[in-house]
Every structure is written in structure tokens, then in C-alpha cells.
Undergrad: 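First the structure, which I've put down as C-alpha cells, then a few questions once you've had a look.
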Amino acid sequence: MLSCQQLQFCARNQTPSQGKKLHAHLIKSGLDQCGTLPNNLLDMYGKCGLIQDALQLFDEMPHRDLISWASLLTAHNQANIPHRTITLFPKMFALDGLKADHFVFACLVKACASLGALKLGKQVHAGFLLSLFCDDDVVKSSLVDMYAKCGLPDSARLVFDSISRKTSVSSTAMISGYARSGQKSEAVELLRGMAEKNLFSWTALISGLVQSGQWIDGFNLFIEMRREGVDIVDPFILSSIVGASANLAALELGKQIHCLVLSLGYESSLFVSNALVDMYAKCSDILAAKTIFDTICRRDIVSWTSIIVGMAQHGQANESLSLYDEMISAGLKPNKVTFVGLIYACSHVGLVSKGRYLFKSMVEDYKLSPSLQHYTCLLDLFSRSGHLDEAENLLKTMPFKPDEAAWAALLSACKRHGNTQMGVQVANHLLSLEPKDPSTYILLSNTYAGASMWENVSKVRKLMGVMEFKKEPGYSCIELGKESLVFYAGETYHPMKDEIFGLLKELDEEMKRRGYVPDTSLVLHDMEQHEKERQLFWHSERLAVAYGLLKTVPGTVIRIVKNLRVCGDCHAVLKHICSIVKREIIVRDANRFHHFVDGRCSCRDFW
DNA sequence: TTAGGGTTAG
């Protein structure tokens, strides 16, 4: 006969077969004759993720106590079905006349935290305060986590302050709450005050900062953690820090972290390799992303979605769509994110019916309800391919209120496909929405100019003047080995200014010989023509490209990261430059990737 | 028996 210790061994090693034998034996000899063993067995089933076996045993038990119920509820939390934990709980009183103890409270709070169910969580909190267990620190600790996960760090703090003996667990939950809601200094202060900082607390801090977009802070703290000599004994923090390099589009940094992953031996962690696929795609090295993807043994939906979306963003739509077919053949079920990538891919190559089919398939075959992003992608698909009536119809009938970007996409399509009448209607509507994006104003001005509506043109131009003050300064970043350089728009003061100017001038002359005419309609200022051209000449992406051409080995790819969208004139210029210098130039702008090769761009001039 | 940290879109 197995002992309680042996069952614990089964649970720890995820080897339930011995336990199952015991189950059979217990049924034979009568479950009421076995003391606490049925509860131990229940616990083991839960820890091994065998929820059906746990439920079966539970139903067979003639005497169920608080421990049986706590074990069963915990098993549901562990099996990642917290909604079942919640629905099961009322049966505790209904079937066995039992009320929640501190173990059950902790379990319910955890379920609410996983579900992000704040209202329910507050009810459980109230029940806990009115119970005999209202001083229990473990339940309080789980409440801190619940409020933190629901985005209420102040509520979490109130509970945290009421804990009499704070542990690293409660502090970590609080740190995570602060960091995820962007309260860096509070999170850091708490971590520094901890008697025993461990990998968990560092991970909570750094991952939280990365999630709230404070990537550089996340990196600096990671460096501090390494300096303190904290052992990285599991890969959690690595997937976060890989994610930070992805968001910074910092390829060299990402490569260094990849090396660290390899040296620590975590390359086979699925979370880490998925993050690496995304990182290489976001850092514009889609080939490296595909290489990592190919080495993953057990790909999950995140691995497939990352590469599908990556390929789509890099303009490799057909590759993206065939990866989807492969994924379905491999037996995986797509999720909402997968479909964003797929419809995006279709819009890149004008596969209208395929995109329509995928949208329908998402709803009908996979029962996924489309979000605003799915509608935006579909709208983009219709607009790009000139199905303007369908685009307008979608915009008016979709169950979301279309935003400025959605209306602007339609307007841009009207202009591109020469539909002035619809263009003016859309422009009038867009203007009434008081748009925020400067490029919307350019679009509006051009539309009214195309329709000879000069009064409206001057009205838009006036508004543009006001907008100019609010515009975020444009900059482009280029990485060359360990050096990373940022160029702002306007004349540069870089020590290599003269060389940069000389090269751009030379390229400008060659471009003009090839038929390039500067498109000054994109310059917002009211100034002379030659001054407008001068403005364009000093756009940050051109400075960065010129610097890249001067400093890199011929034949290598030039990678630029830009904070704003590439302007139409620079887009035309970069197409010329890549063909003149015979180099591939990859620009990641605020919206998408542009691969400039042989005088063409992967975005097919629509962005 | 109960509590803390990780990946994918825009």
C-alpha cells in the first residue's frame, strides 16, 4: 500500500500511475476505511493535472471534508479552468453543508485573479473579512495579487499594508502590480527594501516594467540583477527581456540576449523561443526568426502565430498563408491574433476573397468574435484593392465605432483609386471628428485640393499650423555593431555631417536624373518651394541611411527604426536609393516594415 | 491542502 509520502512523490514527479493503482485498491477496500489517503490522492490528481480522475474520486468519496473541497477547487485552478472553480464553490454548502475556510478563500481569490473578475473578487474579499479567517496572511497575499492583476495597485497596497508578516510572496505580488501599472519607483523601492530578493521578485519587477512599455528601465534593472549575482535558475525572466529587445527593435541587443539564452541553456524553453521568433521578426531579421521557428520541436499556437504575423508584416504574404495551412495540418487551432496576421497578409497581396473567407472562417469555424483590429484589417484589405463600396459599407455596419485611422484608411483608398466624390464625403466626416494625426490633415488637404475645394484646403492648412506645434519630433535610429545612433529631422550636427550631406546631394542628383520630383505637398509649413525641398532633404530616415551607407560594408542590409510613419516623399527616395546603391534597406516605421529592394518596397506603396 | 514571476497583433 502506498503511503502519503509516496503520493506526494507521485505529485512532484508528475507520475500518477502508482497513484491510480492505489485508487483502485481504495475502492476495493472501501474509501471510508482509508483515513486521509483519499484526500492525498485527490491532491495528487490535481497536481498532475488529471481533473477527470480528481472529479471521479471526489464523487466516490462518502465523507468529504474541507480538505477534500479545497483540494478539488485547487485542482481546477491548477488545470487552468478557474471559471469551474467559481461555479463549483456553491456546491460545497449545497452538497456537504460546508463553509469556506482560509484555504478555500485563497483558492477562490486566485481563481478571480486569473479571470480578472474584479467584482467577484471583491465579493470574496467581503466574505473573507466577515469570516473567522479574516486575519489569514496567505489569503491577504492572494488578495494583493488579485487587485494587482486587476490593475488596482492602490487597493492591493491597502491589503498589503494589513499583512502582519510580509513574505517574499506578498511583496512579489505587490511589486508586480506596481510594475505592470507603470509605477516604477514604488516597485523598485519595494524590491530594494526586501530582506531576501530572489529571482521571483526580480522577474516580477522586470517583466512588469517590460509589460508597461518601460523597456529601457527593464534592461537597466536586468543588468543590476546580473551584477548582484542572482542565479537565473529558470527561463521566465529571459522571455521578458527578449520581449524588451523586440519592442526596442534593437537587433544587436536582442542577439546578445540570444547568446545569454544559449549560454544558460534555455534555448529549448518554448516561451523563450517564441519570444525569440517575435524578437527577430520585430528587429527586421525575418530570416533569423524563421530559423528559430524551424528549430522549435513542439510548436504551440504562439510559435505559429508569431511567425505568421512576422511574415505578414514583412510583406511575405504567401509564405504567411502557407504557414497557416501547415499549422492547420499539424492540428493546431488558430486564435484571434493568428487571424489578425492572416487578414493583414491578404491585404498585402490583394487576396480579397481569401481574406473574406478567413474572416468568415474565424467566426463560423472557430467561433471567435472579431475585434476592432479584425475589422480594421478587413477594411484595409477592401480599401487597398479598390473595393471602396464594400469598405464603406463595412465601416458603417461594423459593431465598433470606427476611429480616425479607419476613416483615414478609406480616404486614402478613395484618393488612390480616384473616387473624388466618395473621398469628399469621407473627408467631411473625418474633419468633423477633429483628427489628431498630422498625416490625416495632409490627406484631407490633398483630397480637397483634388476636388478644387479651396476654402476647405485653407481651413485644413490652418488647422495643420496648430497641429505642427503638437507634432512629435521625428527620429530614425540605426545600429552599427555595438554603436547605435539616433538622427532627428533637420540639419545634423554629427561629426560626419559633411560626408552625409555630400552623399545625400550626390544621390539626390542621380535620383532627379531618374525622374524623381520632390513631393512637397507633404511639408506642413507655409514656405517657399526650395525651402520645402530642403526640409525633405533633411528627414531623419535619409540621414540615417546615408550614415549607414558610409559606415557599413557594401552588400550588407541597412536597418533603420523610425518613430513616426515614413512620409511619402522619403518612401519614394528610399526606393530610388536602394536601386542606385544596390543595397537592401529595411525601415521599421510606426506602422509596419518596409523592405526596399531593387527600386520596390514590400508594402507595395500602401501604408 | 492555500499565496508570487514568463511568450504572440494593433
Side-chain angles (χ1 to χ4, degrees), chain A residues 8 11 36 39-40 42-44 46-47 65-75 77-78 100-110 113 133 136-146 148-149 159 163 167-177 179-180 198-208 210-211 234-243 246 266 269-279 281-282 296 300-310 312-313 334-344 371-377 380 403 405 590-592:
Chain A
Q8 282 169 352
T36 63
N39 278 345
N40 300 136
L42 195 55
D43 176 58
M44 189 278 293
K47 289 191 171 130
D65 57 13
L66 275 164
I67 298 178
S68 326
W69 276 96
S71 302
L72 186 73
L73 293 170
T74 306
N77 278 351
Q78 281 166 345
D101 66 356
H102 45 315
F103 288 94
V104 172
F105 275 122
C107 193
L108 291 173
V109 174
K110 189 183 165 82
F133 309 95
D136 188 84
D137 281 348
V138 171
V139 179
K140 286 181 187 171
S141 180
S142 61
L143 282 165
V144 171
D145 181 52
M146 191 272 292
K149 285 211 169 85
V159 183
I163 296 176
T167 62
S168 69
V169 175
S170 50
S171 302
T172 300
M174 194 63 239
I175 289 170
S176 173
R180 268 179 298 174
N198 56 23
L199 183 62
F200 266 63
S201 41
W202 278 104
T203 306
L205 174 65
I206 293 168
S207 303
V210 172
Q211 280 168 38
D234 62 43
F236 282 42
I237 201 159
L238 293 173
S239 44
S240 278
I241 215 75
V242 170
Y266 288 121
S269 152
L270 189 57
F271 273 66
V272 173
S273 24
N274 287 348
L276 283 170
V277 171
D278 179 53
M279 184 276 288
K282 284 212 171 86
I296 303 176
D300 68 356
I301 186 61
V302 177
S303 333
W304 285 97
T305 301
S306 303
I307 194 70
I308 286 172
V309 169
Q313 288 185 325
N335 65 20
K336 284 188 175 195
V337 187
T338 324
F339 281 106
V340 171
L342 290 169
I343 301 169
Y344 187 89
S371 67
L372 176 62
Q373 283 68 43
H374 295 100
Y375 283 102
T376 308
C377 283
D380 195 45
D403 58 4
N591 269 4
R592 49 173 52 83

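Numbers restart at 1 for each chain; the letters A, B, ... are given by sequence-line order, proteins then strands. These numbers come from the heavy atoms of this one structure, side chains and all, not from hydrogens, waters or symmetry mates.
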Undergrad: So T305(A) and T338(A), side chain to side chain donor-acceptor pair (under 3.5 Å) or not? Walk me through it.
TA: CA-CA 5 Å; T305(A) 301; T338(A) 324; 3.0 Å; yes

Undergrad: Does the dG5(B) base have a donor-acceptor partner in the side chain of D234(A) within less than 3.5 Å?
TA: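 Such a pair exists between side chain and base.
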
Undergrad: Check the phosphate of dT7(B) against K282(A), side-chain N and O only, distance under 4.0 Å to OP1 or OP2. Yes or no?
TA: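 K282(A) to dT7(B) OP1/OP2: no side-chain N or O under 4.0 Å.
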
Undergrad: If the cut-off is 4.0 Å, is Q211(A) near the phosphate of dG6(B), judged by side-chain N/O to OP1 or OP2?
TA: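 Checking dG6(B) against Q211(A), a side-chain N or O does come within under 4.0 Å of OP1 or OP2.
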
Undergrad: Remember a base hit wins even if backbone is also touched, and classify T167(A) as base, sugar-phosphate or nothing at under 4.0 Å, heavy atoms.
TA: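 Base contact - T167(A) has a heavy atom under 4.0 Å of at least one base atom.
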
Undergrad: Could you tell me how far apart I67(A) (CD1) and dT1(B) (C1') are, to the nearest whole angstrom?
TA: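 Taking CD1 of I67(A) and C1' of dT1(B), I get 6 Å after rounding.
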
Undergrad: Name the nucleic acid region contacted by S170(A), choosing base, sugar-phosphate or nothing; use a 4.0 angstrom heavy-atom cut-off, strictly under.
TA: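 Touches nothing.
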
Undergrad: Of the candidate nucleotides dT8(B), dT2(B), dT7(B), which contains the atom at the shortest distance from the side chain of F271(A)?
TA: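 Within the option list, the nearest is dT7(B).
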
Undergrad: Tell me: CD1 of I163(A) to C1' of dG4(B), nearest whole Å?
TA: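 The distance from CD1 of I163(A) to C1' of dG4(B) comes to 11 Å, rounded to the nearest Å.
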
Undergrad: Side chain of Q373(A) only, heavy atoms from C-beta on: which candidate in dT1(B), dA9(B), dT8(B) is closest?
TA: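 Closest nucleotide among those given: dA9(B).
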
Undergrad: If I take atom CZ in residue R180(A) and atom P in nucleotide dG5(B), what distance separates them, rounded to the nearest angstrom?
TA: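 Checked: the CZ to P distance equals 6 Å.
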
Undergrad: Which nucleotide in the set dT2(B), dG4(B), dA9(B) lies at the smallest distance from any side-chain heavy atom of N198(A)?
TA: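 Side chain of N198(A) sits closest to dG4(B).
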
Undergrad: Nearest-Å distance, CZ (F103(A)) to C1' (dT2(B))?
TA: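 So the CZ-C1' distance, F103(A) to dT2(B), works out to 5 Å.
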
Undergrad: Taking any heavy-atom pair under 4.0 Å as a contact, classify S171(A): base, sugar-phosphate, or nothing.
TA: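 If one applies the 4.0 Å heavy-atom cut-off, S171(A) turns out to touch nothing in the nucleic acid.
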
Undergrad: With the side chain of A106(A) defined as its heavy atoms from C-beta on, choose the nearest nucleotide among dG6(B), dT2(B), dA9(B).
TA: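 Nearest nucleotide to the side chain: dT2(B).
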
Undergrad: Using only heavy-atom distances, decide whether a donor-acceptor pair under 3.5 angstrom links the side-chain of T172(A) to the base of dG5(B).
TA: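 No pair found.
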
Undergrad: Starting at CG of D43(A), measure out to OG1 of T74(A) and round the result to the nearest 0.5 Å.
TA: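 Here the interatomic distance stands at 8.0 Å.
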
Undergrad: Using a 4.0 Å heavy-atom cut-off across all strands, classify V138(A) as base, sugar-phosphate, or nothing.
TA: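 Since a base atom lies under 4.0 Å of V138(A), the category is base.
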
Undergrad: Taking only side-chain N and O atoms of K47(A), does any of them lie within less than 4.0 angstrom of OP1 or OP2 on dT1(B)?
TA: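 Negative; the distance criterion is not met.
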
Undergrad: Once rounded to the nearest 0.5 Å, what's the spacing between atom CD of Q78(A) and atom NZ of K110(A)?
TA: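 Separation between the atoms: 8.0 Å.
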
Undergrad: Can you measure D137(A) atom CG to dG4(B) atom P for me and round it to whole angstrom units?
TA: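 Nearest whole value for this atom pair: 15 Å.
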
Undergrad: Just checking, is any N or O donor in the side chain of D145(A) or S142(A) under 3.5 Å from an acceptor N or O on the other one?
TA: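 There is no such pair (donor and acceptor under 3.5 Å, judged by atom type) between the side chains of D145(A) and S142(A).
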
Undergrad: What's the closest nucleotide to the T305(A) side chain, out of dT8(B), dG4(B), dT1(B)?
TA: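 When the side chain of T305(A) is considered, dT8(B) is the closest of dT8(B), dG4(B), dT1(B).
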
Undergrad: Are any of the side-chain nitrogens in D136(A) or K140(A) under 4.0 Å away from the carboxylate oxygens of its partner?
TA: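 Judged by the 4.0 Å cut-off on N to carboxylate O distance, D136(A) and K140(A) do not form a salt bridge.
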
Undergrad: Hey, does L199(A) reach any base, or is it just sugar-phosphate, or nothing, if we go heavy atoms under 4.0 Å?
TA: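 Since a base atom lies under 4.0 Å of L199(A), the category is base.
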
Undergrad: Measure CZ/F236(A) against P/dG6(B) and give the value in whole Å, please.
TA: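 In whole Å, dG6(B) P and F236(A) CZ are 8 Å from each other.
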
Undergrad: Are F271(A) and P235(A) close enough that some pair of their side-chain heavy atoms sits under 4.5 Å apart?
TA: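 With C-beta onward as the side chain, the pair stays apart.
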
Undergrad: Ignoring hydrogens and angles, does a donor from either the side chain of S141(A) or the base of dA3(B) sit under 3.5 Å from an acceptor on the other?
TA: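 Indeed there is one.
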
Undergrad: Round to a whole Å and report the spacing from CZ of F200(A) to P of dA3(B).
TA: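 So the CZ-P distance, F200(A) to dA3(B), works out to 12 Å.
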
Undergrad: Rounded to whole angstroms, how far apart are CE on M146(A) and P on dT2(B)?
TA: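 Rounding to the nearest Å, CE of M146(A) and P of dT2(B) are 20 Å apart.
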
Undergrad: Evaluate the side-chain proximity of L199(A) to D234(A): yes if any heavy-atom separation is below 4.5 Å, no if none is.
TA: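 D234(A) reaches L199(A) side chain to side chain.
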
Undergrad: Starting the side chain at C-beta, find the nucleotide from dG5(B), dG4(B), dT2(B) nearest to T74(A).
TA: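 Side chain of T74(A) sits closest to dT2(B).
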
Undergrad: As a test of reading the structure: which of dT7(B), dG5(B), dG6(B) is closest to the side chain of A275(A), going by heavy atoms?
TA: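 The answer is dT7(B).
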
Undergrad: With no angle test and no hydrogens, is the base of dG6(B) tied to the side chain of S240(A) by a donor-acceptor pair under 3.5 Å?
TA: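 Per atom types, no contact qualifies.
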
